Amino acid sequence: MAGTSLAAMVVVLATAAAMQLGGERPPTGSTVVIGEPDSESTVTWAPSSPPTGPGTGAPLADVDLVLGGTIATAQGRRVPLVDTGGIERAHRLADDRGWLVIGPPSLAGRFLWAVAPDGTARVLLGGADEIVLDEGGQQVAWKQGTALAAAKVVNKELVATVRAEAPAEAVPLRFVGGAVLVRLAPDRPGHVLWRLQPGPLDPGTDRASNRIFGALPDGRLVAEITEGSPEKSCLTVLNPAGLTPAGRECGPQLSGDGPGSVSPDGRWLLVNGRSGRQEGAVLVDLRRLDPSVDPVPVGLAATGDVVWSRPGTAYYADAAGRLIRMDVDRVTAGRPAEPLVIAGLPDGIRPVVVSGG
């Protein structure tokens with residue numbers, strides 16, 4: 001492959017001839033293998049013990065949750081996971097076809113598993129520095145070293161792989177309208193949309209965006225940009241072509257960290273930031289991007305991904321591992337988001353909110 005070093009990334013399709021599809025740990029090595037709130041609510045966690053197969057119980061939330069080695073579905077099913085290892089992110093496939101789950105970084109890299117409805121799993125991708133999925137679970141992008149790649153997910157297999165060269169420090173963050181949003185370096189502003197073209201990655205001209213949180217229904221991107229210096233930033237909307245500001249509107253200064261997420265209807269941004277003297281998760285009305293309009297305080301700060309189950313409801317985990325349910329009507333009425341205490345959940349297990357469905 002001209003221009004891309006195969007030594008930097010070895011791709012092996014995960015078929016039955018290449019590897020066992022279930023019951024095996026993923027391979028190790030350096031190659032990439034395709035293969036303070038005012039109230040609380042309590043829900044009870046009671047997985048089958050020992051977990052021999054899917055069971056049922058009361059739903060814990062209106063989204064699926066990964067709780068250690070079990071997926072608790074929004075319908076009340078308890079699905080024990082078989083040989084997936086730790087899970088950092090998860091996506092539920094449509095039509096009850098199971099899940100795609102991504103493991104945390106490790107010495108062997110990240111792994112992507114396809115999990116069947118009964119909890120059995122097979123490796124689709126292994127050994128990558130970073131892995132991201134699109135909103136439908138139909139495409140995956142990954143990076144290792146200077147190799148950036150993307151493929152379609154068809155019948156839980158990866159097909160039609162496209163590869164490009166990218167700076168070693170560049171990181172894929174998410175899919176945006178069929179393209180992959182890539183941060184050029186973790187320690188300085190600047191992003192580019194990779195439109196799945198082979199060859200060297202065009203770095204573009206954006207050197208102002210600190211964070212890009214997602215897309216509006218019309219395709220424009222919600223972003224935090226610098227204004228002359230890294231210490232001075234604001235929230236604005238970018239054109240997808242060139243990632244340039246779509247207008248003069250510049251909203252509040254967030255002064256937070258973390259990915260954040262735009263609601264499905266494009267009305268709200270839930271992100272860590274500051275509202276007055278309060279720091280934590282905040283809600284920004286994207287129809288009123290004005291520095292004089294303070295974000296609405298939500299409550300405890302988010303860690304990991306924020307997942308919207310519907311336009312007015314989002315879930316996330318806080319630093320202590322508590323599951324937080326954010327209801328827009330509740331928060332805009334002046335009441336903080338509601339922690340859901342999962343009674344019986346063993347110590348040290350942090351809930352992972354599952355996207356999709």
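All values reported here derive from a predicted model rather than from experimental measurement.
Here the shortest heavy-atom pairing between Gly126 and Phe111 reads CA-CD2, 3.1 Å.
The pair Glu130-Lys143 fails the salt-bridge criterion, with no side-chain N (NZ, NE, NH1 or NH2) lying under 4.0 Å from an Asp/Glu carboxylate O. Using a 4.0 Å cut-off between charged nitrogen and carboxylate oxygen, Glu88 and Arg110 count as a salt-bridge pair. We find that Arg274 and Asp294 are not joined by a salt bridge, their nearest charged nitrogen and carboxylate oxygen being 4.0 Å or further apart. Using a cutoff of 4.0 Å between basic side-chain nitrogens and carboxylate oxygens, Arg188 and Glu169 are scored as salt-bridged. By the 4.0 Å N-to-carboxylate-O rule, Asp64 lies close enough to Arg92 to be salt-bridged with it.
Side chain of Arg174 to main chain of Glu135: no donor-acceptor pair is present (N/O by atom type, distance under 3.5 Å, no hydrogens or angles). The backbone N or O of Gln278 lies less than 3.5 Å from no partner atom in the side chain of Ser275, so there is not a single donor-acceptor pair. The closest donor-acceptor contact from the side chain of Asp95 to the backbone of Arg97 lies at 3.5 Å or more, if one exists at all. With hydrogens and angles ignored, the 3.5 Å screen pairs a side-chain donor or acceptor of Thr332 with a backbone N or O of Val328.
Two residues are said to be in side-chain contact when any heavy atoms from C-beta on lie closer than 4.5 Å; Leu235 and Val284 meet this criterion. Using a 4.5 Å heavy-atom threshold, the side chains of Val180 and Trp142 count as separate.
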Evaluation steps, salt bridge (charged side-chain N to carboxylate O under 4.0 Å, His left out), between Asp290 and Arg288: CA-CA 6 Å; Asp290 189 295; Arg288 303 177 63 199; over 6 Å; no

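With hydrogens and angles left out, the side-chain atoms of Trp268 and Asp285 include no donor and acceptor closer than 3.5 Å.
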